[in-house]
Structures are given as structure tokens and as C-alpha cells.
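As the structure lists them, so they are numbered: ligands from 1, and atoms in each ligand from 1.
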Amino acid sequence: MQVPDVASMRLLPVVLLLLCSCTRFCRPHYRKENEKKSELPPASDLLDTKCLAERHTHRSCDKVFCQPWQKCIGGTCLCKLPYQCPKNGTRVCATNGKSFLTYCQLKSFQCLQPDSKFLNSGECTGQEKFDVSLHHEGPDSVGLLRVKLTVLEESMYVCKDGWGMTQANVACLDLGNPLGALDTPDVARPDINIDECLHVSCRGTETSLTECTFTRRAGVQELAGVVCYNDSEAPPAEKAFQCVNGKRIPRGKACDGVNDCGDQSDELCCTRCQGASFHCSSGVCIPQQYRCNGERDCITGDDEANCGGAERPVTSEPNLLPLDMDTERKRIKSLLPTMSCGVKQHMHSRRKRVVGGSQAHVGDFPWQVAIKYGDGISCGGIYIGGCWVVTAAHCVRASRVRQYIIFSSLIDWIKPNTELHFRLVNKVIIHENYNGSTYQNDIALLQLKMPSLKECEMPGSVPACLPWSPYLFQPNHKCIVSGWGREKGNLRVFSLKWGEVHLINNCSQFYPGRYFEKEMLCAGTDDGSIDACKGDSGGPLVCQDVNNVTYLWGIVSWGENCGKPEFPGVYTKVSNYFDWIGRHVGRSLITQYNL
Ligand code: 4AZ
């Protein structure tokens with residue numbers, strides 16, 4: 001670990017010292033190079049073209065959370081099986097006349113068999129009738145929306161207040177249009193006396209209006225108009241944003257927090273957001289109303305951060321239907337299993353934080369482990385829960401499984417502290433596509449031996465969270481690298497050091513032909529003064545989210561020398577290996593939100 005402070009310098013070999021002081025005078029390169037990239041503006045200055053090419057939709061768990069009746073596999077939200085739903089809830093009735101134990105069970109069933117939609121809560125009686133229709137004055141496709149709810153005798157017009165593309169898309173699905181709505185124009189009221197209408201509010205993920213929230217509004221009001229999507233009336237391609245589902249929407253409607261496409265593809269690749277919307281740092285625009293509403297909408301959690309204790313759990317208006325499905329959705333979400341990772345125990349987090357980086361103390365990096373092989377610590381590693389440690393593939397060999405000792409809570413190798421624990425290794429799993437000459441897929445798992453009959457738990461250790469999406473942290477985010485790094489061949493042992501580095505974009509410019517964007521990431525400082533070095537390999541690069549939860553973002557892998565600004569440290573991009581890790585350790589051990 002190369003850190004520029006004087007105290008640690010004393011411990012570092014002279015060679016390294018010279019290297020560090022030299023690099024301080026080297027011209028910083030990163031800023032200049034990053035600016036070059038923005039000379040190529042995307043089609044619209046709001047949109048990230050590289051991201052658009054990935055064709056994200058509401059089912060991309062790299063970008064958004066899956067629904068509670070879905071699970072995230074290989075970056076896509078897939079249907080859960082009904083039995084994987086939480087058990088408690090109330091019975092609901094589907095359009096196929098069957099009743100289901102819970103809303104989640106119906107939704108997971110519908111996910112597999114899209115024909116059976118939600119009808120209403122409670123048992124099916126065979127009598128309930130739900131209907132959506134368009135009331136036309138003229139011959140064109142514009143109409144006023146009428147809804148017959150199962151709980152009401154008569155059909156009613158929908159109020160214009162609260163009406164928008166989110167609601168209109170759901171209504172057009174009910175009207176048989178898979179691409180939803182084209183527009184929500186103003187439509188003249190019919191001549192008859194209407195002194196009541198239905199106010200409707202949807203999230204946009206519903207497959208029928210029956211799942212939205214309805215309230216009755218008295219008084220003469222403007223009514224909701226809608227035109228469902230048709231290709232001939234849609235804006236021409238040159239003026240349109242092309243949705244992933246094939247729909248074309250006016251270009252100006254992308255990145256405004258409103259899901260105009262219906263598959264959300266117009267809100268998932270945004271460099272910033274316009275109108276009444278909030279920009280998640282993952283590049284997603286969400287409606288401004290979702291900010292500080294008590295529900296995490298951004299995968300990065302930034303919509304619920306800095307709310308000043310003023311989170312307003314939405315007190316929904318009394319719904320006309322006996323059970324509000326949005327409330328039910330949130331309740332199901334809260335029943336899903338949760339896991340604990342990336343949060344230091346209280347004893348430690350009270351410690352004043354060190355600024356500038358250097359010497360670590362017990363509890364500062366409770367996920368950091370040391371791998372002892374031979375006479376000293378050969379590599380770092382990261383505890384990820386259960387019996388599992390992640391490290392770099394180049395650090396371990398399957399044939400040496402019995403020669404490794406894993407230390408946790410270790411600080412000083414010369415003066416072992418009392419908190420120290422150690423474990424032997426049961427199994428070494430090296431990534432099947434690890435390439436020792438290119439360092440591609442430089443990742444390995446160590447399964448620890450259980451001490452007697454107890455679990456693998458190591459007192460004082462806390463697992464680091466694993467990132468399931470490459471969008472959790474962005475370039476320039478400040479992260480921390482830690483380790484017992486030393487010069488190769490130098491048997492002298494150091495204590496655990498840490499340093500702050502930032503994530504560096506576009507790293508192939510530093511390592512042409514050697515840097516693989518999908519599998520690797522770069523981090524460093526402008527002057528190169530903080531860097532990982534030999535012996536830090538296999539150890540953690542961790543980043544904290546807005547809620548101070550720590551994620552294992554990178555594994556120290558390689559780099560040209562150490563502490564050279566023109567050669568930043570290269571790390572294994574952990575998010576790319578989430579599924580691989582899950583396959584070996586069990587998904588439930590590492591999945592936080594999308595299980
Ligand atoms: C190594 O040899 C090594 N400066 C690790 C990290 C870096 C360079 C070398 C990054 O283990």
C-alpha cells in the first residue's frame with residue numbers, strides 16, 4: 001500500500017520512497033484525458049449513448065430494482081415461482097376466475113402466464129366486472145377514459161387531475177394496446193352533467209388499471225383524455241427517442257422522470273434529468289415525488305439520502321378498492337429476506353475517521369483478511385460472509401490449499417493483536433477463465449474450514465457487500481484500498497495501511513490492449529501518491545454508498561509499477577462477477593434486494 005504520509009514512509013523501503021517522491025512531480029494525466037471524452041457529445045446532451053446500446057428496460061436489475069415477485073439473474077429480472085413469495089397476505093382474484101393466496105403469488109403466476117391479470121382483492125365470486133373504455137365524440141382516436149371498477153355499480157370518467165402518461169400507458173394496456181399510450185390530450189367534456197370523477201394514480205409498472213389507486217372526486221372537473229399508441233401517429237424517427245420496446249416518443253420526453261415508453265427505457269441512461277424529476281447517480285430519472293418517500297427507488301439509494309429526517313412515508317388517500325395494491329407491493333417488499341453487510345459494528349464506527357489515509361486500526365476494515373503462505377502474508381482477501389473469502393486468482397493455487405492460513409482482524413504482523421483470528425482453507429475456487437498472462441478474470445474464492453461444529457463466523461469480522469450492478473458507483477467516486485503491501489522479495493512485514501483513491505474512467509488509454517473494460521477497473525490519485533502495490537494483491541478496493549454501506553468494488557490485481565500517475569492501479573471489477581460468486585457461495589448469501 002503506497003501512502004504519502006511520513007509515518008508510513010519510514011517503514012517503506014528506500015526504493016519505494018524514491019519512487020513516491022518522484023511521482024509527486026509527475027504531471028497528472030487523468031483530468032486531461034477524461035475531458036477528451038466529452039468532445040464526442042451523445043445524440044442528446046441528456047442521454048448516454050454507450051448506456052443506450054445496452055438496451056436497458058424496467059427489467060434491467062443493473063439499473064432498477066426488480067419487483068418483489070421477480071429475482072435478478074444475469075442482470076435481468078425474471079419471474080419468481082409463486083411458492084417463492086412471502087406467505088402472508090390476503091387473497092386476490094384474477095381475471096381467469098381463479099383466486100390466489102396473495103397478490104405476490106398472482107403476480108408471479110402472471111409473470112409466467114401473462115393472460116391472467118389482477119382483478120380485485122378478495123375471493124372471486126364470478127360476478128365482478130372490470131372494464132375500461134374510451135368515450136369518443138368524433139371519429140378520431142382521441143377519447144375520454146371511462147372505468148368500471150369491480151366495487152362500483154356504474155362506470156365513471158377519470159379526472160384529468162393526476163392524469164399523465166404513467167396512468168395512460170396502463171389504461172391503454174387494458175384497452176389492448178401493448179405499447180401503451182401515445183398522448184394525453186385535453187378533450188372537451190361531453191354535454192351531459194358529470195359532477196364526479198375517478199382520480200387514479202399508478203406507478204407505471206402495473207399491467208392493469210385495477211392495480212392502480214382510485215379515489216372518488218366530487219365537483220365538476222376536467223376529465224382525462226387519451227390516445228393509445230399507433231405507429232402512424234407516433235413522431236417520425238428523426239424527432240423521436242426510440243424506446244427498447246419499439247415505441248417512438250417525442251425526443252424531449254426522455255429523462256424527465258416519466259416512463260413514457262412504458263418499459264422505462266427513456267429514463268435509464270440519463271446524464272441528468274429535466275422537469276420534476278430526480279437523477280439517481282446510476283443514471284436513472286425518477287419522479288420527484290419518489291424522493292424522500294420512504295421507499296428506495298434508486299439502486300444507489302440517493303433518493304432516500306439527505307432527507308433531513310423528513311422522509312414522508314406516503315400516507316395514501318383512502319383507496320376505493322378494499323386493498324391498495326401499491327401499499328401491498330411495499331408490504332411484500334418489506335417481507336423479503338434482508339442481509340447484513342458492509343456496516344461496521346458500532347464500537348468501531350464511533351472512532352474518529354482518519355483523514356488522508358495511513359495506518360488502520362482494529363475494526364476499521366472488518367472485511368479485510370490476510371492470506372499467509374510460507375513465511376509471510378502473500379496477499380490480501382475479503383470476507384464476504386458465510387465461510388467465504390474473495391481474493392485474486394493470481395494469489396492462490398488449488399494445489400496449495402493446505403498451506404494457506406487466513407487471518408482476520410489482523411493489524412500488525414510483527415506484534416499480533418489480541419483480536420486476531422485464523423482459519424484454514426477447505427477449498428480454492430479459481431475463476432475458470434482466469435488468464436495468468438493477461439490477468440483477465442483475476443478472481444478466486446476460498447472456502448474456510450469450519451472450526452469444530454461452529455459456523456465459519458469470525459468474531460469482529462463484517463462481510464463487505466457485493467455489488468450486483470456496474471452502475472452502483474461512478475467515475476471519480478472516492479474509494480478506499482487497503483493492504484499489507486510491500487516490495488516483492490522483501491520479507492519485512494508491515495501493518496495494515498489504507499489510502500483513498502478515485503475511480504478512473506476510460507483506462508484503456510493508460511494500458512492500450514491490456515485493459516478489459518468489462519472485467520477490470522482503474523483507481524488512483526492525480527499525482528499517483530496513493531496506490532496499491534505488490535502484496536496488496538487480492539485485497540479490497542471498497543466504496544461507500546450514500547447510506548455509508550460498504551461495497552467490494554474491486555480486487556487489487558495489477559498495474560505497471562506502483563505510484564505512477566500515468567499507470568493507475570488495475571482492479572478486478574467485482575460487479576462483473578456477482579453471478580459467478582453467487583453460483584459458488586449461494587445467491588442468498590450475497591443478494592441484498594433482488595432475491
Ligand atoms: C502486484 O504486483 C501489484 N499499482 C499490485 C498492484 C499494483 C501493481 C502491482 C498497482 O501485486
Chemist: Between Phe567 and Tyr511, does the ring centre distance come in under 6.0 Å?
Modeler: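 Ring-ring flag for Phe567/Tyr511: true, centres closer than 6.0 Å.
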
Chemist: Centroid-to-centroid, His56 to Tyr471, below 6.0 Å?
Modeler: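 Between Tyr471 and His56, which both carry aromatic rings, the centre distance is below 6.0 Å.
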
Chemist: Is the backbone of Asp256 close enough, under 3.5 Å, to the side chain of Glu267 for a donor and an acceptor to pair up by distance?
Modeler: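 Checking the backbone N and O of Asp256 against the side chain of Glu267, a donor-acceptor pair under 3.5 Å is found.
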
Chemist: Does the pair Glu295/Lys333 count as a salt bridge with the N-to-O cut at 4.0 Å?
Modeler: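 Judged by the 4.0 Å cut-off on N to carboxylate O distance, Glu295 and Lys333 do form a salt bridge.
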
Chemist: Contacts table for ligand 1: protein N or O within a distance under 3.5 Å of ligand N or O, distances only.
Modeler:
| from | atom 1 | to | atom 2 | distance (Å) |
| --- | --- | --- | --- | --- |
| ligand 1 | 4 (N) | Asp531 | OD1 | 3.3 |
| ligand 1 | 4 (N) | Asp531 | OD2 | 2.8 |
| ligand 1 | 4 (N) | Ala532 | O | 2.7 |
| ligand 1 | 4 (N) | Asn561 | O | 3.1 |
| ligand 1 | 11 (O) | Ser537 | OG | 2.6 |

Chemist: If you measure from the Lys or Arg side-chain nitrogens to the Asp or Glu carboxylate oxygens, is any gap between Lys344 and Asp364 under 4.0 Å?
Modeler: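 Looking at Asp364 together with Lys344, the answer is no, because their closest N to O distance does not fall below 4.0 Å.
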
Chemist: Quick check, are the ring centers of Phe407 and His421 under 6.0 angstrom apart?
Modeler: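 No, too far apart.
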
